[in-house]
Novice: 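Can you read through this structure? Questions will come right after.
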Protein chains: 4
Amino acid sequence: MPSDDVTGRPGDGTRRRDAAATRRALLLAARTRFTQLGYDRTTLRDVAADAGVNLALIKRYFGSKEGLFKAALASTPRFLGSDGEFPRDRVALAEALSRQLAAGAWAEFGEHPVLMLLRDSGDEQVAQLRRQALAEFGRQVLEASGGSSAPDARLRAELLVALGVGVAVVRSAVGLRPLADATPEDLVGPLRDVVEGLLGPPPD
Amino acid sequence: MPSDDVTGRPGDGTRRRDAAATRRALLLAARTRFTQLGYDRTTLRDVAADAGVNLALIKRYFGSKEGLFKAALASTPRFLGSDGEFPRDRVALAEALSRQLAAGAWAEFGEHPVLMLLRDSGDEQVAQLRRQALAEFGRQVLEASGGSSAPDARLRAELLVALGVGVAVVRSAVGLRPLADATPEDLVGPLRDVVEGLLGPPPD
Amino acid sequence: MPSDDVTGRPGDGTRRRDAAATRRALLLAARTRFTQLGYDRTTLRDVAADAGVNLALIKRYFGSKEGLFKAALASTPRFLGSDGEFPRDRVALAEALSRQLAAGAWAEFGEHPVLMLLRDSGDEQVAQLRRQALAEFGRQVLEASGGSSAPDARLRAELLVALGVGVAVVRSAVGLRPLADATPEDLVGPLRDVVEGLLGPPPD
Amino acid sequence: MPSDDVTGRPGDGTRRRDAAATRRALLLAARTRFTQLGYDRTTLRDVAADAGVNLALIKRYFGSKEGLFKAALASTPRFLGSDGEFPRDRVALAEALSRQLAAGAWAEFGEHPVLMLLRDSGDEQVAQLRRQALAEFGRQVLEASGGSSAPDARLRAELLVALGVGVAVVRSAVGLRPLADATPEDLVGPLRDVVEGLLGPPPD
DNA sequence: AATGAATGAGCTTTCATTCAT
DNA sequence: GATGAATGAAAGCTCATTCAT
């Protein structure tokens, strides 16, 4: 029982013999399962079933479960911008964080995409990817914080990253309430205070 | 002369019929493996081998892998106090957080014990346990914050919980640097700022 | 369909919870299948079915298919003596060869055991074993030939080994007739001539 | 300008619609793989890749893996002559055998072509082919031996065939040394002695 | 004629679990 | 209470084969 098809792909007969579409369907299904269940609990049979394609095509397109996982990881939108539109000041940062963390942004995943980033396949290469992605996020926070005046500026930036990760985990994976139900509006105030506390008050 | 074996690990061969010690040894081994590897990657054979006892005893004492996991979860020291000695004011809270998050506190686990709390066996009962433990932590933070004056006081308390979780994850599971290497001294300053930002300045 | 149970083991209920017997049964079944079908065509499912035991026990006792193969190879009686009773002169050698090659000696296998020695699992370690076994056989032939007077004495000994291998292959695997049907009596005359031709006439 | 491609390996990309060349390329690749790896370890994908043609063409031209195997078998040059130039007396036979067995004759295969003849696909039809080919060889040896005077003349001829098979196996598949390294010159003397021993001295 | 997408069946391996002793 | 043999189910992977274009 491939438990519930959560992808919402066409029933059948529609996409056929379309390599690109097949790849896409597999990636979407994989991302969803990996994000929700983690690496081990995700079976290739279920991913294939969700995508509505044959199991062997996973091998064809991604080589192995690891390959599929890496591809799914790479295709997962990064936490906040990283498409160049990272907020340029602290106030905007708090607002962006609030929006992103209150999910809804990528409701398609069922879970916050940063959870995908935290999934572990046991591959060291994946661990490195994880580190790089979060380090990059920290670097951007540092920039948005204005001058890295304080000697522990980088540490403070990474604490904000950690907060983001923690909120995503506690909301999606744990379901801690009221945090899990908070809207962007609920979050923006407290987050602004944290940002200010960590990065210093806005330059005025 | 059956000498006391407080570690729960038998010398060898001459394991005595000491049910309590066997249980303890199994729990320790299980907690370690579960924390470091997660539920799926932990095999009962390895746990039994680590504990130096027969595999079938896991069934006898804990019924199943799920049972062992729940017992291990219950036996894991909670994040911060929870033995009644939760810090009573914001300054003490920041300090305690710094100490706990900088690990070393429970080096025996190899990883921060809160990670055990985040491990998922797929059982809903476990998810509930997880929620309860973190909710309880949030409640205690709320208390330490003085009066729950603000309407979003509980949300703010849970954001602090989320930060704790996030830091543990980012330090242990991700290894993000410099955060992963930070000492209690490094952390206390920034954390004090976050606590103040979230809970308001100390009443002075 | 585990095609025909050729092992002749008790139907069921007899041997139970007897590790040694289980190992033995698996080895016998494996030897038979490997010898008759080769490495690739032999499935562990069929071996287990033939032995009347559970598939997973192969892992328990031999680690893997390769492990089972190596164990089966090691447990296969060597071509001619090698238990110390190698014929000490040329006449006896021809007679022994005739007897061994006319099979019936190890009818239990269904095929001549030297075929097992020729089976290839792709493992280099196995290839080495193969070489060693045949080299040892060549060495013994050399000894039985009296003094290694001629400079190509070793080559001639190995040609006799090759003849043995060839006869086994052509009889068992190919079924070339009349060679496949020849009795020891049929073979001894011609083989004596070959032995003399290769190793020189008996010292008389 | 479609240049002639006698190797059957296309330059690249511009494979012409030359059915005959495609067939030839496939057969060559198949023969090589089958000879070196055996039936099971040879994958059609690899054969197609070696031949530089599309996988599906194997089906078109040969119907199935079995079909390809049979065609490859049929296209394999027979052991010794069989093109009509079989040696007509014993001395020439020993010399021809030496040359053929010392390989180099069909170095293109990487292995002695008689190994292809021994490869097993599990098909009874193939077994029959195998038998026929070797029986034919035996018949020719019998002829070359002069009159079939002795009652066991046919058996003796087949023993010589078996020797040929054994030498090929022991040289190529086993790598037994010094036999594996012997040159035609090394072999001719001993083989002459075997031929004489088996078929009687040349009529002089 | 030729291509590449898609499929189904089967294999080894791995575990949690259960059963006798 | 404790041991180790035995089992069943499922997973990842591989490959010959078939189907559209």
Novice: Each nucleotide N or O in nucleotides 9-11 of chain E that has a protein N or O under 3.5 Å away: list the pair and distance.
Specialist:
residue : atom : partner : partner atom : Å
E:dG10  : O6   : A:R45   : NH2          : 3.4

Novice: I'd like to check the salt bridge (Lys or Arg N to Asp or Glu O under 4.0 Å) partners of D:R130; sequence neighbours left out, ordered by chain and number.
Specialist: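 If we apply the salt bridge (Lys or Arg N to Asp or Glu O under 4.0 Å) test to D:R130, skipping adjacent residues, the hits are D:D120.
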
Novice: Measure CZ/A:F62 against P/F:dC13 and give the value in whole Å, please.
Specialist: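 Computing the A:F62:CZ to F:dC13:P distance gives 14 Å.
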
Novice: Can you tell me the distance, in whole Å, between the NZ atom of B:K59 and the P atom of E:dT18?
Specialist: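 Taking NZ of B:K59 and P of E:dT18, I get 4 Å after rounding.
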
Novice: Between F:dT18, F:dT7, F:dA2, which one does the side chain of B:Y61 approach most closely?
Specialist: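 The answer is F:dA2, which lies nearest to the side chain.
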
Novice: Taking side-chain hydrogen bond (donor to acceptor under 3.5 Å, both in side chains) as the test, write out the residues that go with A:D123, two or more places apart.
Specialist: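 Once residues adjacent in sequence are excluded, the partners of A:D123 under the side-chain hydrogen bond (donor to acceptor under 3.5 Å, both in side chains) criterion are A:K70.
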
Novice: For A:Q128, which residues count as a side-chain hydrogen bond (donor to acceptor under 3.5 Å, both in side chains) partner, sequence neighbours excluded?
Specialist: none

Novice: Mind jotting down which residue pairs meet the ring pair (Phe, Tyr, Trp, His ring centres under 6.0 Å) criterion with at least one end in residues 40-62 of chain B? Sequence neighbours excluded, please.
Specialist: none

Novice: Using whole Å, what does the distance between atom C1' of nucleotide F:dA2 and atom CG of B:L26 come to?
Specialist: 13 Å

Novice: Checking A:Y39 now: which residues fulfil ring-ring contact (aromatic ring centres under 6.0 Å, His included) with it, not counting sequence neighbours?
Specialist: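 Applying ring-ring contact (aromatic ring centres under 6.0 Å, His included) to A:Y39 gives A:F34, A:F69.
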
Novice: From the list E:dA6, E:dT3, F:dC15, which nucleotide is the closest neighbour of the side chain of D:L57?
Specialist: E:dT3

Novice: Which residues pass the side-chain hydrogen bond (donor to acceptor under 3.5 Å, both in side chains) test with B:R41, sequence neighbours left out?
Specialist: A:D40

Novice: Taking atom types as modelled and ignoring hydrogens, do the side chains of A:R119 and A:T35 form a donor-acceptor contact shorter than 3.5 angstrom?
Specialist: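 Their side chains do not contain a donor-acceptor pair, so the 3.5 Å distance test is not met.
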
Novice: Specify the separation, in whole Å, of atom OH of B:Y39 and atom P of E:dC15.
Specialist: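 These atoms are roughly 14 Å apart.
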
Novice: Rounded to whole Å, how long is the line connecting atom CZ of A:R24 with atom P of E:dA5?
Specialist: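 Result: 14 Å.
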
Novice: When the distance from CZ of A:R60 to P of F:dG12 is rounded to whole Å, what number comes out?
Specialist: 20 Å

Novice: Please find the pair of heavy atoms, one from D:S121 and one from D:V126, that lie closest to each other, and give the distance.
Specialist: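 Result for this residue pair: OG-CG2, 3.6 Å.
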
Novice: For B:G63 and for C:S64, locate the closest nucleotide of DNA chain E by heavy-atom distance; then report the residue assigned to the nucleotide nearer the 5' terminus.
Specialist: C:S64

Novice: For E:dA6, take OP1 and OP2 only and decide whether either is under 4.0 Å from a side-chain N or O of A:T22.
Specialist: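 The answer is yes; a side-chain N or O of A:T22 sits under 4.0 Å from OP1 or OP2.
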
Novice: State which residues pass side-chain hydrogen bond (donor to acceptor under 3.5 Å, both in side chains) with A:S64; sequence neighbours excluded, sorted by chain then number.
Specialist: none

Novice: Could you give the CG-to-P distance, from B:D123 to E:dA16, as a whole number of Å?
Specialist: 16 Å

Novice: Nearest whole angstrom, please: distance from the C1' of E:dC15 to the CG of B:L68.
Specialist: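 Atom CG in B:L68 sits about 15 Å away from atom C1' in E:dC15.
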
Novice: Any stems for DNA chain F, made of 3 or more Watson-Crick or G-U pairs in a row, each with both distances under 3.5 Å?
Specialist: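 Counting only runs of 3 or more consecutive pairs, the stems involving DNA chain F are E:2-21 with F:2-21.
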
